[in-house]
S.K.: 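Structure provided below as structure tokens; questions to follow.
Throughout, residue positions are numbered sequentially from 1 according to the sequence presented. We count ligands from 1, going down the list as the structure has it; atoms in each ligand are counted the same way.
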Amino acid sequence: MDRVILLRYGEIHLKGKNKKFFEDKLIGNIKQKLDGLDYRFSYKRSRYVISDYRPETENEIIERLRKVFGLHSLSVAESTKTDLEAITETAVALSKKSGKFRVSVNRADKTFPMNSVETAKYLGGKILNSNPNLTVDLFEPDFVVNVDIREDGGTFIYTDKIACANGMPVGCAGKGLLMLSGGIDSPVAGYMISKRGVWIDAVYFHAPPYTSERAKQKVVDLAKQVAKYAGPIKLNVVNFTDIQLYIYEQCPHEELTIIMRRYMMKIAEELAKKDDCLGLITGESIGQVASQTVHSLAVTNAVCTLPVFRPLIGFDKQDIVDISLKIGTYETSIEPYEDCCTIFVAKHPVTKPVLHLIEKSERNLEEKIDALVKEAIDTVEVIRC
Ligand code: ATP
Ligand code: MG
């Protein structure tokens, strides 16, 4: 009897001819996630199986696998040879101490002498006889003893299924550039886009000395937390101070936020193109703040040609908070360090900006802005998270 971890994938089931492409990505990501641990991965009996690991690392392996996009669920199982006595002994041993149960049998090996219904009845009887505190309930059991008789003479037996992250394997849907601030929303946006298989780089705009080293560290910490799901993230840190000061000097203050956001997008787009990112990703949600009215989003969007993906666009703040709690970014996001937008905000920012008026204000920047943008791009700091 060997203890193994059985893995099941989700939406990849729906793929047709190119299923192998998705499976290869998934297997590669599983191996990358388990890097540094001893284990064996096999594609055995039409199942993904993790075996030969040290028992004390089982929880660590499970926690890492739960964050692999593309996996639907996993089970810790006992693997035995397909022999009625061995299967019975294992099924009895795995049953809980009390409660209602049923046995579910999947018989891929058609040479096994009993069919699946007969096997389930037989094992159910044996389990009942072993413990007077158990009863059978086919419809509302407290636990299910699953018996998976494979074609190759081996059987897996397990009771529990542990939910994984679902989604699609990271890397199967191109690459995008996440605009990552220290807030609650953008890490969640990164998580959601990477859940659809997009590989992400990130960009953070800071404004030293108006924003602190600690605020930057917070963004690095957030990128590392998102990377637990998304895989390694290349974080570009852009020094935005001179651009912000220049806009502050030259443009109407109620338009500062929108003009700053347009320059952030413009720079993000240039970085994206350099690194083969096919779109930008933000944590914007309609109506959340003045810069996120439909008018503001339209004016911001007008500076770039790449698509801008906004996975949270229709989410309420509480829905976003719930996801950030689930993925472990919330505690970091609420640390109280200023990010660069909050320092240069006007008391009454425009909520219905008009593109040609904003462009007119931006003409005040013509003298120096191209050089400042170039300088910002040339001095990007890259941090691997
Ligand atoms: P968040 O919680 O993600 O900070 P927010 O509600 O504070 O979002 P804004 O500050 O208007 O909203 O920012 C909207 C989006 O713009 C963010 O979700 C993020 O994608 C991007 N963004 C804002 N500030 C920065 C920054 N300093 N660096 C990189 N991206 C940023
Ligand atoms: Mg923010």
S.K.: In terms of side-chain geometry, is the basic nitrogen of R310 or E284 positioned less than 4.0 Å from the acidic oxygen of its partner?
M.R.: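 Yes.
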
S.K.: Which ligand 1 atoms does L180 reach within 4.0 Å, using its non-hydrogen atoms?
M.R.: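 Near L180, the atoms of ligand 1 are 28 (N), 29 (C), 30 (N).
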
S.K.: Checking contacts here: is it the side chain or the backbone of V219 that comes within 4.0 Å of ligand 1, counting heavy atoms only? Could be both or neither.
M.R.: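 For V219, there is no contact with ligand 1 at all, from either part.
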
S.K.: Looking only at distances, can you tell me whether any N or O atom of M179, backbone or side chain, sits closer than 3.5 Å to an N or O atom of ligand 1?
M.R.: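 N/O-N/O distance under 3.5 Å: yes.
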
S.K.: Could you work out, with side-chain hydrogen bond (donor to acceptor under 3.5 Å, both in side chains) as the rule, every residue matching K234, not counting sequence neighbours?
M.R.: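 So K234 forms a side-chain hydrogen bond (donor to acceptor under 3.5 Å, both in side chains) with D275.
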
S.K.: Geometry only, no angles: is G182 polar-contacting ligand 1 at N/O separations under 3.5 Å?
M.R.: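 Not met; the criterion fails.
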
S.K.: Among D109, T90, T82, N106, which one satisfies side-chain hydrogen bond (donor to acceptor under 3.5 Å, both in side chains) with T155?
M.R.: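 Output: one option passes, namely T82.
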
S.K.: Any N/O of S186 closer than 3.5 Å to an N/O of ligand 1?
M.R.: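 Between S186 and ligand 1, an N or O pair is found under 3.5 Å apart.
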
S.K.: Would T293 and S296 satisfy side chain to side chain donor-acceptor pair (under 3.5 Å), going step by step from the backbone distance to the final call?
M.R.: CA-CA 5 Å; T293 62; S296 301; 2.9 Å; yes

S.K.: Just which atoms of ligand 1 are under 4.0 Å from any heavy atom in T282?
M.R.: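 Ligand 1 atoms under the 4.0 Å threshold to T282: 20 (O).
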
S.K.: Under a 4.0 Å N-O cut-off, is there an ion pair linking D142 with K96?
M.R.: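 Not counted as a salt bridge, because no side-chain N and carboxylate O are separated by less than 4.0 Å.
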
S.K.: Should you measure from each heavy atom of G183, which atoms of ligand 1 turn up under 4.0 Å away?
M.R.: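 Once the distances to G183 are compared, the set is 1 (P), 2 (O), 4 (O).
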
S.K.: Salt bridge or not for K216 and E213, using N-O below 4.0 Å?
M.R.: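 Result for this pair is yes, salt bridge flagged.
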
S.K.: Measuring from atom 16 (O) of ligand 1, which candidate in E284, R261, H206, K216 has the nearest non-hydrogen atom?
M.R.: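 The residue whose heavy atom sits nearest atom 16 (O) of ligand 1 is R261.
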
S.K.: Should the ring pair F41 and Y48 be called parallel, tilted or perpendicular, given that the plane angle runs from 0 to 90° and is split at 30 and 60?
M.R.: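 Answer is tilted, since the angle falls between 30° and 60°.
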
S.K.: Quick check with a 6.0 Å cut-off and a 45 degree axis cone: is K15 positioned over the face of F22's six-membered ring?
M.R.: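 Output yes; distance and angle both within limits.
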
S.K.: Decide whether an N or O pair under 3.5 Å exists between G283 and ligand 1.
M.R.: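 Indeed, backbone or side chain, G283 has an N or O that close.
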
S.K.: Any idea which atoms of ligand 1 are less than 4.0 Å away from a heavy-atom of I184?
M.R.: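 Going through ligand 1 atom by atom, the ones under 4.0 Å from I184 are 2 (O).
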
S.K.: Could you tell me, atom by atom, which parts of ligand 1 come under 4.0 Å of a heavy atom of Q288?
M.R.: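 This gives 6 (O) as the contact atoms.
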
S.K.: Under 3.5 Å between any N/O of F205 and any N/O of ligand 1: does that happen in this structure?
M.R.: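 Yes, F205 has an N/O under 3.5 Å of an N/O on ligand 1.
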
S.K.: Do D319 and K317 sit within salt-bridge range, that is, some charged N less than 4.0 Å from a carboxylate O?
M.R.: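 A salt bridge is absent here (no side-chain N lies under 4.0 Å from a carboxylate O).
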
S.K.: Using a 4.0 Å heavy-atom threshold (strictly under), name the region of V203 that reaches ligand 1: side chain, backbone, both or neither.
M.R.: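 V203 to ligand 1: backbone contact only, side chain stays beyond 4.0 Å.
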
S.K.: Name the option, out of D185, I281, V238, that contains the heavy atom nearest to atom 8 (O) of ligand 1.
M.R.: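 Nearest option to atom 8 (O) of ligand 1, by heavy atoms: D185.
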
S.K.: Residues two or more places apart in sequence or in another chain: which of them pass salt bridge (Lys or Arg N to Asp or Glu O under 4.0 Å) with E63?
M.R.: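 So E63 forms a salt bridge (Lys or Arg N to Asp or Glu O under 4.0 Å) with R66, K67.
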
S.K.: Considering both backbone and side-chain atoms of S181, is one of its nitrogen or oxygen atoms within less than 3.5 Å of a nitrogen or oxygen in ligand 1?
M.R.: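 Yes, at least one N or O pair falls under 3.5 Å.
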
S.K.: So, is Q292 polar-close to ligand 1, with some N/O to N/O distance under 3.5 Å?
M.R.: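 Checking ligand 1 against Q292, an N or O pair does fall under 3.5 Å apart.
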
